[in-house]
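Working notes, beginning with the structure itself.
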Amino acid sequence: MLESIKVTERLHWPKIEMSKKYILNPADKALSPSQVYLEKVSSSVFKDLFSIDSSSYNILLQAEEEEKKSPRQFLYKRPKTSVKCGATFGKRNHPGMAPTKAHAQEDGGKRTTCNLSGTNSNLPNPAHNIAVVGSTMGLNPRALPQLRKIYLPKSPRTKLPSLQKGKITKEVENAKKLCILTAIKPSNVEKEKVKFFKSDFNYNPQFEYSNPVSPLVLAQHNNASDHFLAQAVHIMELALQRYGSYEKFEQATGGKLLTKGRIWHNVKKYMEKEGCIGEIVVQVTDDLLSRASMTVVNGRPTLTINSSTAREHWLEGMLRHEIGTHYFRGINNCHQPWSSCVGRRKHNLKPLNPTEEGLASIHSVLFRKDPTLWRAALLYYTVYQASHMSFSQVFHNLGQFVQDPNTRWDYCVRAKRGQTDTAQPGCFSKDQVYLDGILKILRYRAKINFPLLMALGKVSFEDVDRLKSMGHMENVRIPYFMQDQERYAEQLTKIMSVNQLTDEELKTII
């Protein structure tokens, strides 16, 4: 019987108590030999694999200039806390420095954890000369330092590669200790929400932060764009024409909210399709601003799901986003010559975003009956308005698209996080990357080799042709939904049609 453990929620509201960890292990069913189970794996390995980019956008506050000055490969230290901010499936832009650690100060909601281990499904083999296996790594790892072993029941053990040792300057080491999404999380958000609602939505919250980010760093994330604003508004107006309100759109296309038991059942079912049972710890909570996030907890890849947004027709799209895109591209990346920061510089890779989040967001709606790009459009729109308006002004402005005040509050907090006095114009511009990436990928969808984009790991679609001859393709992992390329292309065309996007329009704006 596993004891209850306490973890720090990395992305939004920290210090959440996990009540239980469940082992779903069907008796007497043979495990696939291709599945990956972790032995002697420190969180430093996952930092290297997944800190380049993902939906959690856990960017380290590290100066790009410092990286350029130190062309060395680093060995990250194993975190002493439950969750280390650098060890996430986070975005890899390092736009500044902060010398202090981010400690959780605020109590969150309840969270339960489910460690899925069991059977594996048979997946078809895709073409394109990519050697795909269910979930095997098939690597020739470098020697690992002697670390504490992690054993999972009845599991074959596969080592993952570690980073070479390298000297870390004191400044860079300090910079790696804090991630920006932890730093810009207000510590008094619930208190300010009460004030805001009592004021008839006219009070501008005065947010406080346990570890304030420097104005220089915040300024780097305060650059909102209006380039795709017309498309964002049009996408939302189409949904309102069809359904009358966002709430009706949510109910009609998302379906009913799932119980935690159904969430775990559906997650296990999806993992069986992908052949990754046993690799990822699953947590269910109700206090995330996002619908889900990927982090590393106690050295294990951990998917945290927001139960308050887990709807029956949307959950698998979220799993395709987090696991089928971010996790698989991260695993594939560790095979490649550009798996490290040094390797990315050596091969002159373009920034990973907006490709990473654009691809993941497309996969979120890929097989929906109505793949309206509502969330990406509303996030883009909200950030732009926040850059010109106060908190309360943005809140009232969003009323034309969203009626529910709690939903509007969440979107405003996302756009205004990092600010202290939200009466001033200003935004955290990260949320515009989703629609930006979606439209750019749709613009070039006929030219993109999507299985190759997945196989090469954390790369931009613009780099695929240049890197394909250098990529290592022996044991890459392609998600099940990408293996029928004809059907995949049809789904992209459907997304274009439902959102009334045309190739002529995209060629004009991109």
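Along the sequence shown, residues are numbered consecutively beginning with 1. Values reported hereafter were calculated over all heavy atoms of this structure, with side chains retained and with hydrogens, waters and symmetry mates removed.
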Worksheet item: So do Ile323 and Met271 actually touch side chain to side chain, heavy atoms under 4.5 Å?
Response: yes
Discussion item. Quick check against the 3.5 Å criterion: does Arg329 have a side-chain atom that pairs as donor or acceptor with the backbone of Leu453?
Written reply: yes
Worksheet item: Which heavy-atom pair separates Ile509 from His227 by the least distance, and what is that distance?
Response: O-NE2, 2.6 Å
Discussion item. Could you report the tightest heavy-atom contact between Gly278 and Arg300, atom names first, then the distance?
Written reply: O-NH2, 2.8 Å
Practice prompt. Check the pair Phe395 / Trp409 against ring pair (Phe, Tyr, Trp, His ring centres under 6.0 Å), numbers first and verdict last.
Written response: CA-CA 7 Å; Phe395 182 90; Trp409 165 268; 7.8 Å; no
Worksheet entry | Intermediate values then yes/no, side chain to side chain contact (heavy atoms under 4.5 Å, CB included), Arg311 and Gln251 | CA-CA 9 Å; Arg311 295 184 174 272; Gln251 184 63 43; 3.7 Å; yes
Worksheet item: Do the side chains of Leu442 and Ile362 get nearer than 4.5 Å, heavy atoms only?
Response: yes
Worksheet item: Is Asp431 salt-bridged to Arg417, going by a charged N under 4.0 Å from an acidic O?
Response: yes
Worksheet item: Of the non-hydrogen atoms in His396 and Arg408, which two are nearest, and what is the gap between them?
Response: CA-NH1, 4.2 Å
Worksheet item: Would you call the rings of Tyr434 and His321 parallel, tilted or perpendicular if under 30° counts as parallel and over 60° as perpendicular?
Response: tilted
Worksheet item: What distance separates Trp374 CH2 from Ile235 CD1, expressed to the nearest 0.5 Å?
Response: 10.5 Å
Item to complete: Please report the C-alpha distance between Gln206 and Lys195 in whole Å, then the side-chain angles of each, then the deciding distance to 0.1 Å, and finally whether the side chain to side chain contact (heavy atoms under 4.5 Å, CB included) criterion is met.
Response: CA-CA 10 Å; Gln206 303 296 299; Lys195 290 182 180 179; over 6 Å; no
Item to complete: Taking the side chain as every heavy atom from C-beta outward, state whether Glu357 and His326 have any pair of such atoms under 4.5 Å apart.
Response: yes
Worksheet entry | Test of ring centre spacing under 6.0 Å for Phe197 and Phe201 | yes
Worksheet item: If you measure from CD on Gln403 to CG on Asn406, what distance do you get to the nearest 0.5 Å?
Response: 13.0 Å
Worksheet item: Got a second to check how far Asn332's CG is from Cys334's SG, nearest 0.5 Å?
Response: 7.5 Å
Worksheet item: Are the side chain of Ser364 and the backbone N or O of Ala360 linked by a donor-acceptor pair below 3.5 Å?
Response: yes
Fill in: Least distance between heavy atoms, Tyr384 atom then Ser387 atom
O-OG, 2.5 Å
Worksheet item: Using the ring of each side chain (for Trp, its six-membered ring), is Phe249 parallel, tilted or perpendicular to Trp314, with breaks at 30° and 60°?
Response: tilted
Discussion item. Using side-chain heavy atoms (C-beta onward) and a distance below 4.5 Å, is Leu359 in contact with Ile441?
Written reply: yes
Worksheet item: Where does the angle between the aromatic ring planes of His221 and Phe428 fall among parallel (under 30°), tilted (30 to 60°) and perpendicular (over 60°)?
Response: tilted
Item to complete: Return yes if some donor-acceptor pair links the side-chain N/O of Arg320 with the main-chain N/O of Pro479 below 3.5 Å, else return no.
Response: no
Worksheet item: Atom CZ in Phe228, atom NE2 in His234: separation rounded to 0.5 Å?
Response: 15.5 Å
Worksheet item: Is it the case that Arg375 and Tyr380 place a side-chain donor and acceptor less than 3.5 Å from each other?
Response: no
Worksheet entry | From Asn202, Asn204, Thr422, residue fulfilling side-chain hydrogen bond (donor to acceptor under 3.5 Å, both in side chains) relative to Ser392 | Asn204
Worksheet entry | Residue pair Tyr209 / Asn188, side-chain donor-acceptor N/O under 3.5 Å | no
Worksheet item: Is there a donor-acceptor pair closer than 3.5 Å between any side-chain N or O of Glu247 and the backbone N or O of Asp404?
Response: yes
Discussion item. With heavy-atom distances below 4.5 Å as the criterion, would you say the side chains of Lys458 and Arg344 are in contact?
Written reply: yes
Discussion item. Checking the side chain of Gln424 only, and the main-chain atoms of Ser390 only, is there a donor and an acceptor separated by less than 3.5 Å?
Written reply: no
Fill in: Residue pair Leu398 / Leu378, side-chain heavy-atom distance below 4.5 Å
yes
Discussion item. Can a donor-acceptor pair be found, under 3.5 Å and without considering hydrogens, that links the side chain of Thr382 to the backbone of Leu379?
Written reply: no
Worksheet item: If you round to the nearest 0.5 Å, how far is OG1 of Thr325 from NE2 of His363?
Response: 5.0 Å
Worksheet entry | Main-chain N/O of Leu352 paired with Ser460 side-chain donor or acceptor, under 3.5 Å | no
Worksheet item: Would you call Ser307 and Thr285 a side-chain contact if the rule is heavy atoms closer than 4.5 Å?
Response: no
Worksheet item: Between the side chain of Asn222 and the main-chain N/O of Cys427, is any donor-acceptor distance below 3.5 Å?
Response: yes
Discussion item. What verdict does the salt bridge (charged side-chain N to carboxylate O under 4.0 Å, His left out) test give for Glu279 and Arg477, after you've listed the backbone C-alpha separation in whole Å, the side-chain angles of each residue and the deciding distance to 0.1 Å?
Written reply: CA-CA 14 Å; Glu279 296 177 34; Arg477 301 170 72 172; 2.9 Å; yes
Practice prompt. Applying ring pair (Phe, Tyr, Trp, His ring centres under 6.0 Å), run through Phe196 and Phe391 and close with a yes or a no.
Written response: CA-CA 10 Å; Phe196 180 75; Phe391 190 103; 5.2 Å; yes
Item to complete: Please tell me if the side chains of Thr420 and Phe207 come closer than 4.5 Å, counting only heavy atoms from C-beta onward.
Response: no
Worksheet, complete the sentence: Residues Ile495 and Pro371: closest non-hydrogen pair is CG1-CB, 3.9 Å
Practice prompt. Indicate yes or no: does Arg414 engage Asp410 in a salt bridge with an N to O separation below 4.0 Å.
Written response: no
Item to complete: Might you work through the side chain to side chain contact (heavy atoms under 4.5 Å, CB included) test for Ile184 and Leu218, ending with a clear yes or no?
Response: CA-CA 9 Å; Ile184 65 172; Leu218 289 177; 4.0 Å; yes
Worksheet item: Can Glu316 and Asn266 be counted as having a side-chain donor-acceptor contact under 3.5 angstrom?
Response: no
Discussion item. The test is side chain to side chain donor-acceptor pair (under 3.5 Å); show your working for Tyr243 and Glu250 and say whether it passes.
Written reply: CA-CA 9 Å; Tyr243 298 96; Glu250 183 179 58; over 6 Å; no
Worksheet item: Counting only N and O atoms by type, is there a donor-acceptor contact under 3.5 Å from the side chain of Thr355 to the main-chain atoms of Phe461?
Response: yes
Worksheet item: About how many Å separate CD of Glu322 and CE of Met294, when rounded to the nearest 0.5 Å?
Response: 6.5 Å
Worksheet item: How far apart are the closest heavy atoms of Asn499 and Leu373, and which atoms are they?
Response: OD1-N, 2.9 Å
Worksheet item: With a 4.0 Å cut-off, would you call Glu192 and Lys416 a salt bridge?
Response: no
Worksheet, complete the sentence: Tested for side-chain contact (heavy atoms from CB on, under 4.5 Å) against Arg291, the lone hit among Ile305, Leu315, Thr309 is Thr309
Worksheet item: Between Met389 and Asn397, is a side chain to side chain contact (heavy atoms under 4.5 Å, CB included) present by the stated rule, with each step listed?
Response: CA-CA 9 Å; Met389 298 179 179; Asn397 184 277; 3.7 Å; yes
Worksheet item: Hey, are Lys193 and Glu190 close enough for a salt bridge, meaning a charged N less than 4.0 Å from a carboxylate O?
Response: no
Worksheet item: Is there a donor-acceptor contact under 3.5 Å from the side chain of Gln432 to the main chain of Ser225?
Response: yes
